[in-house]
Amino acid sequence: MAVTDVRKILKFVGLDAVLQMKVTFKIQYHTRWGESLSLLADDRKYPMSWGEGDVWSVTLPRCSASLLADYGYLLVEDGIVRRTEWSRHSAVPPEGVGELVLEDSWLDCPVEGCPFPRKHQAALFDRPGFRGAGTAVPVFSLRTENDFGIGEFTDLVPLVDWAVKTGQCVIQLLPVNDTTRKGGWDDSYPYSPVSSFALHPLYLNLQELGVAADSEFKQTQAELNALPELDYPRVFEAKMRYLRKAFEAVGARDMSSPSYRRFYKANAYWLDEYASFCARRDGLEQEYYAWMQYHLDKQFSAVVSYARRRGVYLKGDLPIGVSRDSADAYWHPELFNLDTSAGAPPDFFSRDGQNWGFPTYNWEAMARDDYAWWKARLRKMAEYFDAFRIDHILGFFRIWEIPLGQNGRMGHFNPALPYSADEITRSGLPLDGLFVEDSVSRGFYHPLISPDTSGLEPGLRETFDRMHTDFFYHRHNSFWRRNAEKKLPELLGATGMLACAEDLGMVPDCVPEVMASQSILSLEMSMMEKGRPWPYLSVCATSSHDMDTLRMQYADSNDGRGPEDWECRRMLRDHLESDSMLAIFPIQDWLSLDDALRRKDFRQERINDPANSHHHWRYRVHVPIERLCTSTKLCTLTQGLIKDSNRFTTILK
C-alpha cells in the first residue's frame, strides 16, 4: 500500500487525531556555509538545528501518525531548496509510546546512472539510458463506436491496446479539467479551466452510468458520431440532458454508497468549493456536480489502472493559467492578480502576441503557505498521470502581463527590473512609442516588445536595440533564475510525476540552467530549433496542437504537395533516432504512415490556431480508434520504427 494511501486511511478513520506524540527527527549531513536542513512534513518546512558531528535535528511536540508515514529532508540555502532526497521516509510509531527519536540517513538515488534527483511513480523513467515513444491526442478528439459525439475517458482503452501492440509507453493528453460555462464554443478551449481539480463532465461515458441505449439515445448518438468534427454546443446540450436524467434516477443511490463517501471525504478540500461554485452558476443543487465528479473519477481511474498494468503511462498537461471566472479565483482571489491578463509577446505564432485572458498569479501570497494550492493541484493530477507537460514553463520565471482590454503588444514581463525615467532620458531616447510605464512602480518603464523605431535616427535606433536586447535577454537573468528556483523545487517535489516542459519562445539563459538543475525534460522540435543538439533529457515532437502537422509542414516546403507514406516514415524515423529520452508524436502523424488510413485532406488535421482566441476546438480523429489495432500496415510500420530506434518497451515485472 502506498504511503499516501496510509495517510488517507488514518485520517478517514480518525486515528490521525489520536496518535500524536513528541518526535525528534535527526539526520547527519555535512553542509557548506549558508546551507541548512529542513524537515518537510505535511507540506510544511520545519527548520532544523545543527549539532555536533554534523547532526541536524528538530523536535515536533505533537506529531501525527500520518505525518510519520510520509516525511523527508531538504537542503536549503537562502530560502531556496537546493537538494531533495530521492524518496520519502516512513515510520510506524510503537504502541503506547509518547515520545520518539528518529535517526535517519539521507536517501540518495540507488539507481546508478539515473539522471533524476527524485524518484518517479513510473519506474521505467528512472532506468539509465531509457528511451521511449508515445502518442499525443486530446481526449475530445478520440472516436469510437461507443462514444457520444466526443471522445471519452473510456475511449483511451483501445488506444492503450494499440500503444502496447506497437511498443509505446506514453499517451499524452491535453488538459482534461472542466471548462464549462454556458456550453458554447468558448467552452471548447481546454486551457481555460473553471477548476484546477475537477474533470470535464463531457468525458463521461453515459452507458457506464446506466443510461439506457433506447431508440432515441441511439439515434442521437449515431448523428453526433457521424459528424466529421466535434459540434461542441450540440454535444453539450444532448449529453448534459442525459446526465441530468441519470442523476435524478440513480444519484441518491450512488451518493449513499461507501465508495461515494470515501471519494467525497478524500476530495472535499476542492470538491465542496467547486460544487458550490457550479450550483451558484447554474441554479442547481451541489450534489449534482459532486456526483458527476465521482463518476468521472471512477471511469478515469479504471482506465488509468488498465494502462499502468499494461506498461502505458498517461502524460497530462498543466495549464499555466486558471480563468478569472473559475472556482479557484472565486474562492481564493488572494492567489491571483485579477486586474491583469497573462499572455505571450509577439512571436512565431502571433504578430500581435497572445492575450490568454486569465489572471496572473500572486506568487507572494502563494509562497506564504509554501504553495499549498499548487501542491494540492499537482497531487490530484498525479492520481491519473505519471508524467506531465508544464505549459509555458517560462511563466514560473516571469509572465507576460497585459493590462485588461489590451492586446499582447502592450504587455510587459512580471516580475521585472524596469528602467528608470532618468536612465532612459540619459540615453537620449524618448519615452513615447518605445516604452510603457510599470503599472506598480510609477516612473519606471519597460521597453515595448515590438515598437516602431523607423522614425529614430540610426544612432538612437542602435541605442534602443541595445537596451531592448539587454532587457529581454540579459538584465533579468539572475533575477528570473532566483524567482523560478523558489517555486519549481517545491512543486516538483510534491509528486512523483515526470516533469516535461514547453520551453519555446523568448527563452532567457536562466531557463535551461534551472531546468537542467531539476532534470526537467525540454521540448525539441525541428520547426523551432534552439541552436544546439537535442539533449537526452528532452521530449522530441514532430508538431504540437498549436502547429501544422507533419504533412502540412512538408506541403509548406514542397509547393503544397503532401508527402507519400514512405516520406512520412523517413521523417518520423529521424525524430525517433534522436537522443531525446521520449519521442511523442501527434496521432495524426502516426496515421500518416498508412496511406489507406490517414486523413485524405491533411489540411484538416490541425487542432488549434493560437492566434485566434475564439478558435473552435473541434478536431476529431476521422477513424475509430479500434481500427488502429486492426490495421496491419500501421501496426507493422509503427512497431518497426520504434524497435529500430531502441524505444520499444514492454511491461515491467
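What you see is a predicted model; the values in this text were computed from it and never measured.
A donor-acceptor pair shorter than 3.5 Å cannot be found between the side chains of Trp33 and Glu77. Between Ser49 and Ser57, the side chains place no donor N or O within less than 3.5 Å of an acceptor N or O (distance only, hydrogens not considered). Side chains of His30 and Asp54: a donor on one and an acceptor on the other come within 3.5 Å. Side-chain N/O atoms of Ser64 and Gln20 include no donor and acceptor closer than 3.5 Å. At a cut-off of 3.5 Å, with distance as the only test, no side-chain donor of Asn483 or Trp363 sits close to an acceptor on the other residue. Side-chain polar atoms of Gln518 and Arg118 form a donor-acceptor pair below 3.5 angstrom. Side-chain contact of Asn267 with Trp270: a donor-acceptor pair under 3.5 Å is present, judged by distance alone. Using modelled atom types and a 3.5 Å distance limit, the side chains of Asp297 and Tyr384 yield a donor-acceptor pair. For the residue pair Gln168/Thr135, the side-chain donor-acceptor check at 3.5 Å is satisfied.
Cation-pi geometry between Lys487 and Trp374 is not met at under 6.0 angstrom from the ring centre and within 45 degrees of the axis.
Between Tyr274 and Asp178 there is a side-chain heavy-atom pair separated by less than 4.5 Å. Taking 4.5 Å as the limit, some side-chain heavy atom of Leu156 sits within range of a side-chain heavy atom of Leu173. The closest side-chain heavy-atom distance from Tyr313 to Val304 is not below 4.5 Å. You'll find the side chain of Leu68 reaches within 4.5 Å of the side chain of Val23, heavy atoms only. The shortest distance between side-chain heavy atoms of Phe140 and Tyr203 falls below 4.5 Å. In this structure, Ser36 and Thr31 have side chains that are not in contact, with every pair of non-hydrogen atoms separated by 4.5 Å or more. With contacts defined as side-chain heavy-atom distances shorter than 4.5 Å, the pair Ser38/Trp56 does not qualify. Looking at heavy atoms from C-beta onward, Pro47 lies out of side-chain contact with Val58 at the 4.5 angstrom threshold.
The CG atom of Asp317 lies 4.5 Å from the CZ atom of Arg389; values are rounded to the nearest 0.5 Å. Rounding to the nearest 0.5 angstrom, the gap separating the OG1 atom in Thr84 from the CG atom in Leu74 is 7.0 Å. Note that the CG atom of Leu582 and the CD atom of Gln172 stand 9.0 Å from one another [nearest 0.5 Å]. Atom OG of Ser544 is separated from atom CG of Leu504 by 7.5 Å, given to the nearest 0.5 angstrom.
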>> Checking Asp104 against Tyr71 for the side chain to side chain donor-acceptor pair (under 3.5 Å) test, could you report, in this order, the C-alpha distance in whole Å, the side-chain angles of both residues, the deciding distance, and whether it holds?
In response: CA-CA 11 Å; Asp104 292 314; Tyr71 68 94; 2.9 Å; yes
> So Thr179 and Val194, side-chain contact (heavy atoms from CB on, under 4.5 Å) or not? Walk me through it.
Replying inline: CA-CA 5 Å; Thr179 60; Val194 296; 5.6 Å; no
>> ring-ring contact (aromatic ring centres under 6.0 Å, His included) for His295 and Phe300? Distances and angles first, verdict last.
In response: CA-CA 8 Å; His295 281 287; Phe300 197 18; over 10 Å; no
>> Let's go through Val440 and Asn414 carefully: what are the C-alpha distance in whole Å and the side-chain angles of both, what is the deciding distance for side-chain contact (heavy atoms from CB on, under 4.5 Å) to 0.1 Å, and is it a yes or a no?
In response: CA-CA 11 Å; Val440 176; Asn414 180 20; over 6 Å; no
>> One pair to check against ring-ring contact (aromatic ring centres under 6.0 Å, His included): His332 and Phe336. What are the steps and the verdict?
In response: CA-CA 8 Å; His332 306 282; Phe336 306 92; 8.2 Å; no
> Taking it one step at a time, do Arg308 and Asp386 satisfy salt bridge (Lys or Arg N to Asp or Glu O under 4.0 Å)?
Replying inline: CA-CA 9 Å; Arg308 285 171 173 165; Asp386 291 287; 2.8 Å; yes
>> Is there a side-chain contact (heavy atoms from CB on, under 4.5 Å) between Tyr294 and Tyr264? Walk through the geometry before answering.
In response: CA-CA 8 Å; Tyr294 162 69; Tyr264 193 98; over 6 Å; no
> Going through the distances and angles, do Asn608 and His545 end up as a side chain to side chain donor-acceptor pair (under 3.5 Å)?
Replying inline: CA-CA 6 Å; Asn608 178 46; His545 61 276; 5.2 Å; no
> Are Phe25 and Leu37 close enough, and set up right, to give a side-chain contact (heavy atoms from CB on, under 4.5 Å), and what steps lead you there?
Replying inline: CA-CA 11 Å; Phe25 298 83; Leu37 258 61; over 6 Å; no
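Minimum interatomic distance between Ile402 and Gly343 (heavy atoms only, all atoms of both residues): CD1-CA, 4.1 Å. Among all heavy-atom pairs drawn from Ala329 and Ser326, the shortest one is N-OG, 3.1 Å. Closest non-hydrogen pair, Ser195 versus Asp328, comes out as CA-OD1, 3.3 Å. Residues Gly321 and Tyr361 share a closest heavy-atom pair of CA-OH, 3.6 Å. Taking each heavy atom of Cys540 and Ser580 in turn, the nearest pair found is CB-OG, 3.4 Å. For the pair Ala133 and Leu576, the tightest heavy-atom approach, listed with the atom from each and the gap, is CB-CD2, 4.2 Å.
Two rings, from Tyr289 and Phe277, have their centers 6.0 Å or more apart. Checked against the 6.0 Å centroid criterion, the rings of Phe413 and Phe472 qualify as a close aromatic pair. Between His89 and Trp106, a ring centre-to-centre spacing not shorter than 6.0 Å is recorded.
Of the possible donor and acceptor atoms, none in the side chain of Glu502 sits under 3.5 Å from a partner among the backbone N and O of Ser522. Not a single donor-acceptor pair under 3.5 Å links the side chain of Asn337 to the backbone N or O of Thr340. Looking at Trp86, its side chain never comes within 3.5 Å of a backbone N or O of Phe116 through a donor-acceptor pair. At distances below 3.5 Å, not a single donor-acceptor pair connects side-chain atoms of Ser538 with backbone N or O atoms of Leu523. Counting only distance, with no hydrogens or angles, the side chain of Arg647 and the backbone of Gly132 share a donor-acceptor pair below 3.5 Å. Side-chain N or O atoms of Thr495 include one that pairs as donor or acceptor with a backbone N or O of Met497 at under 3.5 Å.
Of the charged side-chain nitrogens involved, none lies within less than 4.0 Å of a carboxylate oxygen, so that Asp369 and Lys375 do not count as a salt-bridged pair. Under a 4.0 Å N-O distance rule, the pair Arg131/Asp579 does not qualify as a salt bridge. Here Asp370 does not pair with Arg44 in a salt bridge; the nearest charged N to carboxylate O distance is not below 4.0 Å. A salt bridge between Glu485 and Arg82 is present, with a side-chain N of the basic residue lying under 4.0 Å from a carboxylate O of the acidic one. Checked for salt-bridge contact, Arg83 and Glu35 miss the test: no charged N lies under 4.0 Å from a carboxylate O.
Other residues, nucleotides and ligands contribute only 12 or fewer heavy atoms inside 6.0 Å of the CZ atom of Arg32.
Applying the salt bridge (charged side-chain N to carboxylate O under 4.0 Å, His left out) rule to Lys530 yields the partners Asp503, Glu524; only residues at least two apart in sequence or on another chain are considered.
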For a quick test of your reading: what N or O donor-acceptor pairs under 3.5 Å do the side chains of residues 390-400 make, sequence neighbours left out?
| unit_1 | atom_1 | unit_2 | atom_2 | d |
| --- | --- | --- | --- | --- |
| Asp391 | OD2 | Ile320 | N | 3.2 |
| Arg398 | NH2 | Met506 | O | 2.8 |
| Trp400 | NE1 | Gly408 | O | 2.7 |

